[in-house]
Amino acid sequence: MSETKKIKLLILTPTLQCGGSEKFVSLVCQHINTEIFSVCLIVINNDKPFYQVPNRAIEIVDLKKDRILFSLPAIKAVVKKYKPAIIFSTANHLNLYLAIFRNHFDARTQFIAREGSIVSINNQHAKFPALYNRLIKKYYKRFDHIVCQSVYMQQDLVKHYNIAAHKTVVIHNAVEEGLNTAPQPGKGMTDRIYKFITIARLSEEKGIERLIHAVGLISVPFNYYIIGEGKKRKELQKLIDALHVKDKIFLVGEKMNPFRGMEDADLFLFGSYYEGFPNVLPEAGAHGIPVIAFNAPGGIAEIITGQDMGQLVDDNDIIAFARAIKNGLAANFNREAIQEITKARFSMVKMIAEIQALFMKQK
């Protein structure tokens, strides 16, 4: 297809730093069909990116703005030059910003947002929750379509923000292909040290502290690796020290390939208080690692759909979580089956096909 006949797509993201939304953007840019789409990626501030976009067919524009609030003139300049048929924004605060100023752009341009959170819950942590809710109710309707990562997120927008259901679509995030299942950990072994992992930002909503409390209740020998970085590192380390488990629980820090060297983990532990769609759970499944998670609001239960994938525990029941860990160690999980189920439900081919179909419908 000639360049003039391609569908011009402009993708906007605040950064390419470590995060689920940023990873999604990098994967879309890597796998989208550039024979059909001409893609320009606007990054509000691309200083020290964690994710790369190696696809040379993608034009990348770094606006070098410290805050989204001051980025409108620069965004308008790129839009005027590029003349996209579709503008696709990928983060809640950026979505709202574009929705408010949509009438500054060509009315023929289609605006699609990807929602990255459970808005009604996420807004409770905003500086001015009531104002933020009013703005979303008023302006989110300006989008032609909103991509939700989970049914829970979709229902939240429809129920609390009066978004028309036909303007929403659920597209689950994908896992990367080509992952190999590690052998069943310690199969046939006795009296071994079990291995648990968590991959998460060390922030309040991720609930790492309740995972630490839960593993502190079990008596079997284990090593627990918490991979990620964030503002709560010092607080979490103090908790680990206070519980006298610093020889068992390790704050590993941030890693580009967090599952590397952890493929033989017995269990993946997940403690979030809420999640729109936690990418890390399908990633654990793609490695064949069973998950123990709290059944918190969001898309968690849409991923862990049966006990062949792991186990969900009543939210905030730390004693039940510790019991679920012990039960999980005794269970004979079929890691190959976990991997195959995950790949079938969350394949890259499926996600990209659904996104491309949405874009082509809007042109």
Minimum heavy-atom separation for [X] and [Y], please, with both atom names.
X    : Y    : answer
V53  : C29  : CG1-CB, 3.6 Å
I7   : A85  : CG2-CB, 4.3 Å
I300 : P278 : CG1-CG, 4.0 Å
R335 : P290 : NH1-CD, 3.8 Å
I303 : P282 : CD1-CD, 3.8 Å
K232 : S203 : CD-C, 3.7 Å

Item to check | Test salt bridge (Lys or Arg N to Asp or Glu O under 4.0 Å) applied to E35 and K6, step by step | outcome: CA-CA 7 Å; E35 294 298 315; K6 290 182 181 180; 5.2 Å; no
Is [Y] close to [X] at the side-chain level, that is, under 4.5 Å between some pair of heavy atoms?
X    : Y    : value
F143 : I163 : no
F268 : L281 : yes
E283 : P258 : no
N92  : Y140 : yes
I11  : I58  : no
F259 : I289 : yes
F359 : I112 : yes
F250 : I240 : no

Checklist entry - Does the ring center of Y274 lie less than 6.0 Å from the ring center of H125? => result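 Centroid separation for Y274 and H125: below 6.0 Å.
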Checklist entry - So, E229 side chain and L202 main chain: donor-acceptor pair closer than 3.5 Å or not? => result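 Flag not set: sc E229 to bb L202 has no pair under 3.5 Å.
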Item to check | Exam field: side chain Y97 to backbone L69, donor-acceptor pair closer than 3.5 Å | outcome: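 Flag set: sc Y97 to bb L69 pair under 3.5 Å.
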Please say whether more than 12 non-hydrogen atoms of neighbouring residues, nucleotides or ligands are located less than 6.0 Å from [atom1] in [X].
X    : atom1 : answer
K167 : NZ    : yes
L217 : CG    : yes
I319 : CD1   : no
N33  : CG    : yes

Item to check | Criterion side-chain contact (heavy atoms from CB on, under 4.5 Å) on F105 and K76, from CA distance to verdict | outcome: CA-CA 7 Å; F105 299 89; K76 289 173 65 177; 3.8 Å; yes
Next on the checklist: My understanding is that only one of E115, H172, R114 makes a side chain to side chain donor-acceptor pair (under 3.5 Å) with Q149; could you say which?
Outcome noted: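 That would be R114.
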Checklist entry - Do R201 and E254 meet the salt-bridge criterion of a basic N to acidic O distance under 4.0 Å? => result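 Looking at E254 and R201, the cut-off is not met.
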Checklist entry - If you measure from the Lys or Arg side-chain nitrogens to the Asp or Glu carboxylate oxygens, is any gap between D144 and K361 under 4.0 Å? => result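 A salt bridge is absent here (no side-chain N lies under 4.0 Å from a carboxylate O).
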Next on the checklist: side-chain contact (heavy atoms from CB on, under 4.5 Å) for D315 and N295? Distances and angles first, verdict last.
Outcome noted: CA-CA 5 Å; D315 197 18; N295 193 6; 5.6 Å; no
Checklist entry - L41, L27: one ILVMFWY side-chain cluster at the under-4.5 Å cut-off? => result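 Linked within one cluster.
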Item to check | Among D266, I325, I249, the one residue meeting side chain to side chain contact (heavy atoms under 4.5 Å, CB included) with F222 | outcome: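 Result for side chain to side chain contact (heavy atoms under 4.5 Å, CB included) with F222: I249.
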Checklist entry - Hey, mind stepping through V313 and F270 against side-chain contact (heavy atoms from CB on, under 4.5 Å) and telling me if it holds? => result CA-CA 10 Å; V313 178; F270 192 76; over 6 Å; no
Checklist entry - Between K138 and R134, is a side-chain contact (heavy atoms from CB on, under 4.5 Å) present by the stated rule, with each step listed? => result CA-CA 6 Å; K138 181 175 181 179; R134 285 199 298 271; over 6 Å; no
